[in-house]
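To keep things clear, I will list the structure first and then write my remarks on it.
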Number of protein chains: 2
Amino acid sequence: MKTIEELLESKGIRVTAMRLLIYKFLTEKQVAVRLSDIENAFDKADRTTLYRTIKTFEEKDIVHQIDDGTGITKYALCENGCTCEIETDLHLHFHCNNCNETVCLTEHKIPQIKVPDGFVSENVNLVVKGICDKCSGQ
Amino acid sequence: MKTIEELLESKGIRVTAMRLLIYKFLTEKQVAVRLSDIENAFDKADRTTLYRTIKTFEEKDIVHQIDDGTGITKYALCENGCTCEIETDLHLHFHCNNCNETVCLTEHKIPQIKVPDGFVSENVNLVVKGICDKCSGQ
DNA sequence: CAATAAATGCACTTCCTTTGCATTGATTAT
DNA sequence: ATAATCAATGCAAAGGAAGTGCATTTATTG
């Protein structure tokens, strides 16, 4: 089990207090977060720093973007064996229409999608919408 | 084969010159269009009109929204037997990473997606990304 | 033809994203 | 250690897209 410091270094980015905090914040969140969520969690920090930190994380394959159809980009660390950094990996995300939260369903893989002749599939983005386990359990 | 006028009337919206032009523009386009694409095509018209026209079309199930991951909402008429107006219909869109265009693959249906216990699937948004037939053929 | 309602146009606002530039902080070489 | 260098941060502002309020025009109905 790597420390966060070791992980950041292994990805080739410098370890800073801000980056450690943001990484820790992401690990604690069980859902995909918007930039504004991070802003609210770190009042002191400038949004530009948060924005650029997330962008750096994204470039270094520490987080991945999620477009869940709300129109606002969300980000998530993938925890258990998710290989989002691989171009051909099959993402699967669930967006709850009730609580408006989006989660990574890393254990549920996407079946192979067939495309017409001439089309080359490189990546698949799949967002299932509905009611999440927390909301349906009520 | 209905005329555009008849189609609009059957959907319960008034026929106006602007709406006919926009509808015609959409039928001629083989790809999903952004609002700004329509703006560029109709310099004279105000963007609010175009915006509201598209919204009206959307409400009346004439066009449907596509979220292809570019962060910009796109719209498309679905031509052959697409039943996008049905909530549970399985949309499938292809986004080309080369020419940046998004097309409706109406003939290719999405397989059933399994979600974990407690989750209720209501809708699925699937975007396959890669190289489209036009770009791969070169 | 008058009254009513919808469609259009203009102005403005808001939200999110992105960039430029100065400043601070950390790293490397002398 | 100290200077030089480069990355990280903070502040300000710009840009783009989406959405709203209100006045005006256009079409429909009585």
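Just so we're clear, the structure is a prediction, and the values are computed from it rather than from any experiment. We name chains A, B, ... by the order of the sequence lines, and we start the count at 1 in each one. Basis for what follows: all heavy atoms, side chains included, without hydrogens, waters or symmetry-related copies.
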(request) Determine, for A:Arg47 against A:Glu39, whether the closest basic-nitrogen to carboxylate-oxygen distance falls under 4.0 angstrom. (result) yes
Base, sugar-phosphate alone, or nothing: which one does [X] contact when heavy atoms must sit under 4.0 Å apart?
| X | value |
| --- | --- |
| B:Arg34 | sugar-phosphate |
| B:Thr48 | base |
| A:Thr73 | sugar-phosphate |
| B:Lys55 | sugar-phosphate |

Ignoring backbone atoms, establish whether [X] has a side-chain N or O less than 4.0 Å from OP1 or OP2 of [N].
| X | N | value |
| --- | --- | --- |
| A:Thr16 | C:dA26 | no |
| B:Arg19 | C:dA7 | yes |
| B:Thr49 | C:dG9 | yes |

(request) Could you pick out which residue, B:Ser36 or B:Val15, lies toward the 5' side of DNA chain D when each is mapped onto its nearest nucleotide? (result) B:Ser36
(message) Quick check: on DNA chain D, is the nucleotide nearest A:Arg47 upstream (toward 5') of the one nearest A:Leu50, or the reverse? Name the residue that is more 5'.
(response) A:Leu50
Taking atom [atom2] of [N] as reference, at what distance in whole Å does atom [atom1] of [X] sit?
| X | N | atom1 | atom2 | answer |
| --- | --- | --- | --- | --- |
| A:Phe57 | D:dA8 | CZ | P | 11 Å |
| A:Leu20 | D:dA8 | CG | C1' | 13 Å |
| A:Asp43 | D:dG10 | CG | P | 13 Å |
| B:Leu8 | D:dT28 | CG | P | 13 Å |
| B:Glu39 | D:dG15 | CD | C1' | 14 Å |
| B:Leu35 | D:dG19 | CG | C1' | 11 Å |
| B:Tyr51 | D:dG19 | OH | P | 3 Å |
| A:Ile54 | D:dA8 | CD1 | C1' | 15 Å |

Selection from [options] that lies nearest to any side-chain heavy atom of [X]:
| X | options | result |
| --- | --- | --- |
| A:Met18 | D:dA8, D:dT9, C:dG9 | D:dT9 |
| B:Ile72 | D:dT20, D:dA17, C:dG20 | D:dA17 |
| A:Asp46 | D:dA8, D:dC11, C:dT17 | D:dC11 |

(request) Take B:His64 and B:Lys74 through the side-chain contact (heavy atoms from CB on, under 4.5 Å) test and state the conclusion after the steps. (result) CA-CA 8 Å; B:His64 68 278; B:Lys74 294 184 180 176; over 6 Å; no
(message) For a 4.5 angstrom cut-off between non-hydrogen side-chain atoms, does B:Leu105 reach A:Pro116?
(response) yes
(request) State the OH-CG distance between B:Tyr51 and B:Asp46, to the nearest 0.5 angstrom. (result) 13.0 Å
(message) Could you check, using the six-membered ring where one of them is a Trp, whether B:Phe57 and B:Tyr75 have ring centers closer than 6.0 angstrom?
(response) no
(message) I'd like to know if B:Arg52 reaches the base of C:dG9 with its side chain, counting only an N/O donor and acceptor under 3.5 Å.
(response) yes
(request) Go through the steps for A:Phe94 and A:Glu101 under the test side-chain contact (heavy atoms from CB on, under 4.5 Å), then give the verdict. (result) CA-CA 8 Å; A:Phe94 188 92; A:Glu101 286 190 340; over 6 Å; no
